[in-house]
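Right, one structure below, let's go through it.
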Amino acid sequence: MPASADILPDPTGFAGASNPVGSPESLAGLARLDKSHFWHPFTQMRDWCESPDDPLVLVSGRGAILTDAQGRDYFDGNSSIWTNIHGHRHPTIDAALREQLGRLAHCSALGYSNEPAIRLAARLVEVAPKAPPPAEPLARVFFTDDGSTAIECACRMAAQYRERVGETGRRRFVSFDGAYHGDTLGVASLGGIPAFHGLFAASGYEVTRLAAVEQLEALDAETASSVNAVVLEPLVQGAAGMRIWPPGMLRRVRDWCDHHGAFLALDEVMTGFGRTGRIFACEHEGVVPDFLCLAKGLTGGYLPLAATLTTERVFSAFLGGYEEMRTFFYGHSYCGNPLACAAALASLRVFEEERVLDSLPAKIGAFSIALEEARDRCPHFGELRQIGLVAGIDLVEGRTGAPLDWREATGAKVCLRAREHGLLTRPIRDTLVLMPPLCSSEEQIQGAVRALERAASEVLGAGAWGT
Ligand SMILES: *Cc1c(COP(=O)(O)O)cnc(C)c1O
């Protein structure tokens, strides 16, 4: 089936002549090897391996378009699981990576340094959110590899900080229902999605999980004084299904933390780097956290890299004589990887050179209109939640508007169907997710919404299409 032409035009102009594709023989061989050996994340592998279809093997990309081994083009509707920012094969990022490859791909940050990591640390401090005093500026950057380790690092810093300064009563972390902070054991204990985290809840940090800021404000004095840090996805919870916090919530959490001497650790792994229309989501409410956790979009979606930013106050608690054991005992093999840091520096340069943030309001506006029109037309689109270039659409039963039975995996069926209309994305149960790369054109964004609407109508039957 031909991909719908309307979401394919490549507005970025940096497409190569044509994308390389695989041969049919190599594709069949790859499919066999995949099903024999490759265990995919968050994937029911029985369905995967027993499917009569070959896995979709992507071989190249340009801008917001990905091309499969058979030469078919797709719009990257969820930014390659929320990572891609300026598109695939962006010339500035590609060139920066090639140049760095000509020098050095990796060296340790344990005992040595490297230029891209040094420059990126300084640059992140420059672009970090700022607020007038008493807000303390974010001045120190610790590199890790993934979103999970960025949050893990913040929690370890917070925990070791309290120990270093003798505040040993502050052992409690506060997180929220529906939260997703990653999959390592420590941060999984903060998570509020039972299917992901239930098994591990008891084995990580001491966590108090709340549903809303009102519950935080209602904590009794004794509990409040035991809080080390509040950990939060600002403005929108991604894995919860793009659940948007009420306006002002973030500000109230910051004020509560200030009043009670607790840290605020913000997980901007998904929201960072322009997704919400600003570089960081916390800027919408003028909030500066004590820990800012960045990953996914940090390298423009090219390479795994994460950063945890914190204040001079936190940093200085770890200073002392070698024998005092105040060192931050934590780190990973690829901390400050030069190649990944070069990609991140180039991505930040693209934000400036191409005035990316200035281009967003028009795209976000077009996205809103397209989504609202689709919701009004399509009886299977229920609640719609959008912030910036992030959207979640709940699929519902057409006539009654009731939720679907999640065991039917309708969201997954709709997204599979959407491939035939040239769109790649992945649902969260029966919430459809669209998160176009920031480089997408308005026409591509509108085309993606249309593709999803068509797919929903085809899977769920009798709808606006063809009637
Ligand atoms: C993806 C995500 C994480 C985990 O990041 P990984 O790189 O997958 O470890 C944490 N928090 C949020 C909000 C995320 O979206």
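Ligands are counted one by one from 1 in listed order, and the atoms in each one are counted from 1 as well.
Against a heavy-atom cut-off of under 4.0 Å, Glu233 is close to the following atoms of ligand 1: 13 (C). The atoms of ligand 1 that sit less than 4.0 Å from any heavy atom of Trp82 are 15 (O). Listed by number with element, the atoms of ligand 1 under 4.0 angstrom from any heavy atom of Gly147 are 4 (C), 5 (O), 6 (P), 7 (O), 9 (O). Atoms of ligand 1 lying under 4.0 Å from at least one heavy atom of Met270, given by number and element, are 15 (O). Interface of Lys296 with ligand 1, defined as ligand atoms under 4.0 Å from a residue heavy atom, comprises 1 (C), 2 (C), 3 (C), 14 (C), 15 (O).
Between Thr149 and His332, the side chains place no donor N or O within less than 3.5 Å of an acceptor N or O (distance only, hydrogens not considered). Between the side chains of Ser368 and Gln386, at least one donor N or O sits under 3.5 Å from an acceptor N or O. With 3.5 Å as the limit, one finds no donor-acceptor pair spanning the side chains of Tyr180 and Asp267.
In this structure, Phe328 and Phe318 have perpendicular ring planes: the angle between them is above 60°, well past the 30° mark.
At least one test fails for Arg170 against the ring of Tyr161: distance under 6.0 Å to the centre or angle within 45° of the axis. At least one cation-pi condition fails for Arg46 and Trp48: the charged atom is not both under 6.0 angstrom from the six-membered ring centre and inside a 45 degree cone around its axis.
When hydrogens are left out, the protein atom nearest atom 9 (O) of ligand 1 is Ser148 OG, 2.6 Å; that is the closest non-hydrogen contact.
Checking Asp267, Ile151, Leu305 against atom 11 (N) of ligand 1, the nearest heavy atom belongs to Asp267.
Of the heavy atoms in Val269, only side-chain atoms (C-beta onward) come closer than 4.0 Å to ligand 1.
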